[in-house]
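Written below as structure tokens is the structure these notes are about.
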Amino acid sequence: MPPNIDMDRCSGCGMCDKICPLDVIHFDSEKNMPIVKYADECWHCGSCRLECPMGAIKIFFPVEMLY
Amino acid sequence: MIGNIREYEFETDVLIVGGGLAGNNAALGALEKNVKVIVADKGTLERCGATAGGVDHFMAYLNTGPWDTREAYLSYVAKIARGAVDLKVQDAVFCKELEAALERMEKIGCTLKQSDGKYLRTQSLGQPGPYFINFNGKNLKPALAKEARRLGVFALERCMMTDLLYDGERVIGAVGFNIRTGDFYIVKAKATILATGCTTRLFHNPTGLPFNTWQCPQNTGAAQVMAYKVGAKLANMEYMRITVVPKGFSAAGLNALMGMGGRLINAYGEEFMAKYHPMGNKAPRSMLVYAVMKEIQMGNGPIYIDCTHLSEADLNHLKRTLGYDKDTLPDFLEQKGVDLSKEPLEVMYSEGMQAGPSEVCGSGIMIDERTSSSIEGLFACGDCTDQMRCVHLCTTGGYLSGKVAAEYAKNYSHPIRVDKKEIQRLKEAIYRPLWVTGNLDHKTVENVIRRVMWEYAGPVRNEKSLNLAIDKLQSLKEEAQALKAKDFHELMRVHETNQLIDIGTIMCHASLERKETRFGIFHFRSDYPETKEEFEGEIVIFQKDGKVVKEFKKLSYDKIP
């Protein structure tokens with residue numbers, strides 16, 4: 001399910017959490033990493049990818065949408 | 001338990017609920033009048049609302065020819081949205097604001113021009129000429145937000161406003177909560193603008209994924225419900241809007257594909273639009289949707305948009321710009337394995353929404369030429385109103401709303417008296433789903449709402465089905481008393497579910513009143529399949545003494561204002 005965050009690239013800045021229009025991504029400050037907490041509520045708008053300064057986000061569409 | 005909730009009180013000149021394109025433009029209009037402005041949104045100002053990820057077209061006339069004038073544009077509006085559009089309001093919220101809006105787009109750094117300094121314009125959806133200006137609006141929202149912050153906006157982000165404060169005579173602000181921390185917010189305001197968009201997640205979605213919506217799935221009719229609760233008049237609420245989307249992904253892109261010269265074809269490779277409308281592939285959206293549904297119903301599906309005949313230059317332009325509106329549409333095509341230059345793209349009808357029946361008018365809070373609602377102190381702009389939608393109206397009309405509300409606030413001379421008992425009542429109602437015992441979850445109820453709306457109040461409706469839908473929604477409203485929220489995010493969704501029930505019910509009541517068919521399947525009454533001249537006007541619906549009241553507002557199209 002989208003978005004897919006590459007943790008090797010992620011710098012832990014929290015921008016994806018700040019920017020998501022739908023409150024889908026939450027930053028876990030204990031683990032210092034973003035969590036896609038409500039994947040089924042993703043709009044696939046691409047805002048997180050547009051704003052990620054590290055280019056760490058890819059969008060993969062769920063199978064229901066591709067068939 | 002409610003005592004543990006932190007409470008914050010704010011006071012402002014102008015409160016704007018909804019920070020999308022209309023709300024953000026309203027903020028600029030008000031801030032430039034040097035008043036205090038609070039914008040409340042469930043997201044963050046930089047990326048919220050229907051244009052969060054971007055947008056690619058702005059409708060305008062530019063006085064380059066006889067089809068490109070104010071008069072020609074209003075004639076087109078009168079034709080394409082007859083019976084739903086008020087030309088006097090359109091003139092005020094669009095035409096009189098257009099020139100300044102085009103200048104503002106340049107000023108904030110989101111030009112409508114191409115790299116060669118010229119406008120690229122395309123024609124589709126029933127237009128007499130190329131009214132759509134193609135542009136790269138990927139950073140429109142961040143640019144607007146930057147300007148609002150520069151001018152000193154106070155943004156209440158991750159905040160869901162649930163109810164207006166009404167002192168019996170005028171609206172004096174709103175209450176809501178933070179969807180992350182749960183903090184309770186009381187905002188006292190001299191003027192309040194509602195700008196929360198249309199209502200999505202209300203009708204069955206063909207993919208089975210309710211958040212796969214054409215417009216922002218965060219939009220659940222909050223403004224319309226809040227306004228209705230305090231007695232404001234709503235209009236055009238009967239219309240259910242659908243579009244044509246790539247099979248599987250409810251994304252904007254129809255304008256871009258059809259505007260560039262795309263052709264709708266069926267399973268036999270036949271171009272069929274000429275059978276349904278004299279403008280063929282350039283027909284109004286309601287007719288494109290109607291034709292696609294009809295072809296599928298007759299067994300002529302699957303349906304495709306064919307772009308393979310386009311020139312290499314046009315195809316390259318399409319590939320480069322398709323992602324301007326929905327950033328992820330090119331990814332979708334790639335992951336689906338579709339190359340527009342080599343094969344047609346399979347399309348189908350989208351989910352339905354409560355939204356305006358055309359590109360030039362809306363569905364929701366009835367506004368006048370100054371964006372005032374029928375309630376003192378309450379203004380509205382954008383897709384939640386009966387006379388605005390799409391980028392051109394949210395930009396022009398949104399800004400006007402901000403200016404008017406700021407002037408109202410400057411002349412405001414009444415004390416803002418908030419009833420503490422009423423605040424306590426609203427607060428308890430907001431947090432109640434956290435404490436109720438039960439296991440009913442909002443997703444289950446939402447799924448039922450969508451099925452009821454699609455089956456009984458959707459593309460085909462009649463008196464019997466609409467009354468049945470009202471009964472079922474009434475029962476659901478009672479069931480929804482037991483909705484449980486596990487955290488503050490879910491609390492937001494529970495309130496959205498309740499808004500969906502209310503909007504669905506209002507839509508059914510308005511639909512019953514329009515005993516005719518108008519805008520194709522956007523309001524198709526199987527018991528009244530003809531369009532009737534006597535219905536050239538708006539169904540107005542409001543609440544008085546707890547009862548639903550309906551009126552008819554006749555609209556005249558005899559002359560251009």
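Here the structure is a predicted model, which is why all the values come from computation and not from measurement.
For chain A, the option among B:Lys336, B:His489, B:Glu157, B:Glu346 with the highest count of heavy-atom pairs below 4.5 Å is B:His489. Per-residue heavy-atom pair counts under 4.5 Å with chain B were compared for A:Trp43, A:Tyr38, A:Tyr67, and the maximum is reached by A:Trp43. Between chain A and the options B:Leu45, B:Ile179, B:Thr207, B:Thr328, heavy-atom pairs under 4.5 Å are most frequent for B:Thr328.
The environment of A:Arg9 atom CZ is sparse: at most 12 non-hydrogen atoms of other residues, nucleotides or ligands sit within 6.0 angstrom. Atom CD of B:Glu343 sits in a crowded spot, with more than 12 heavy atoms from other residues, nucleotides or ligands closer than 6.0 Å.
Looking at B:Thr44, its side chain does come within 3.5 Å of a backbone N or O of A:Lys18 through a donor-acceptor pair. Side chain of B:Gln335 to main chain of A:Ile59: a donor-acceptor pair is present (N/O by atom type, distance under 3.5 Å, no hydrogens or angles).
In terms of heavy atoms, A:Met65 sits closest to B:Leu209 at CG-CD1, 3.6 Å. Of all the heavy atoms in A:Pro21 and B:Cys48, the pair that sits closest is CB-CA, 4.3 Å. Heavy atoms only, all atoms of each residue included: B:Gly53 and A:Leu50 are closest at O-CD1, 3.5 Å.
The shortest distance between side-chain heavy atoms of A:Ser47 and B:Lys141 does not fall below 4.5 Å. Looking only at side-chain heavy atoms (C-beta outward), B:Phe249 and A:Leu66 stay at 4.5 Å or farther from each other. Within the 4.5 Å cutoff, the side chain of A:Glu51 has no heavy atoms near those of the B:Glu46 side chain. The side-chain heavy atoms of B:Asp331 and A:His44, taken from C-beta on, include no pair separated by under 4.5 Å. Looking at A:Glu64 and B:Asn212, their side chains never come closer than 4.5 Å, going by heavy atoms from C-beta outward.
Neither the backbone nor the side chain of B:Pro210 comes within contact range of chain A, judged by heavy atoms closer than 4.5 Å. Only the backbone of B:Gln215 comes within contact range of chain A, judged by heavy atoms closer than 4.5 Å. If you measure heavy-atom distances from A:Cys48 to chain B, you find no contacts under 4.5 Å at all.
To the nearest 0.5 Å, atoms CG (B:Asp327) and CZ (A:Arg49) are separated by 4.5 Å. Interatomic distance, A:Glu41 CD to B:Arg201 CZ, rounded to the nearest 0.5 Å: 7.0 Å. Atom CZ of B:Arg158 is separated from atom SG of A:Cys20 by 6.0 Å, given to the nearest 0.5 angstrom.
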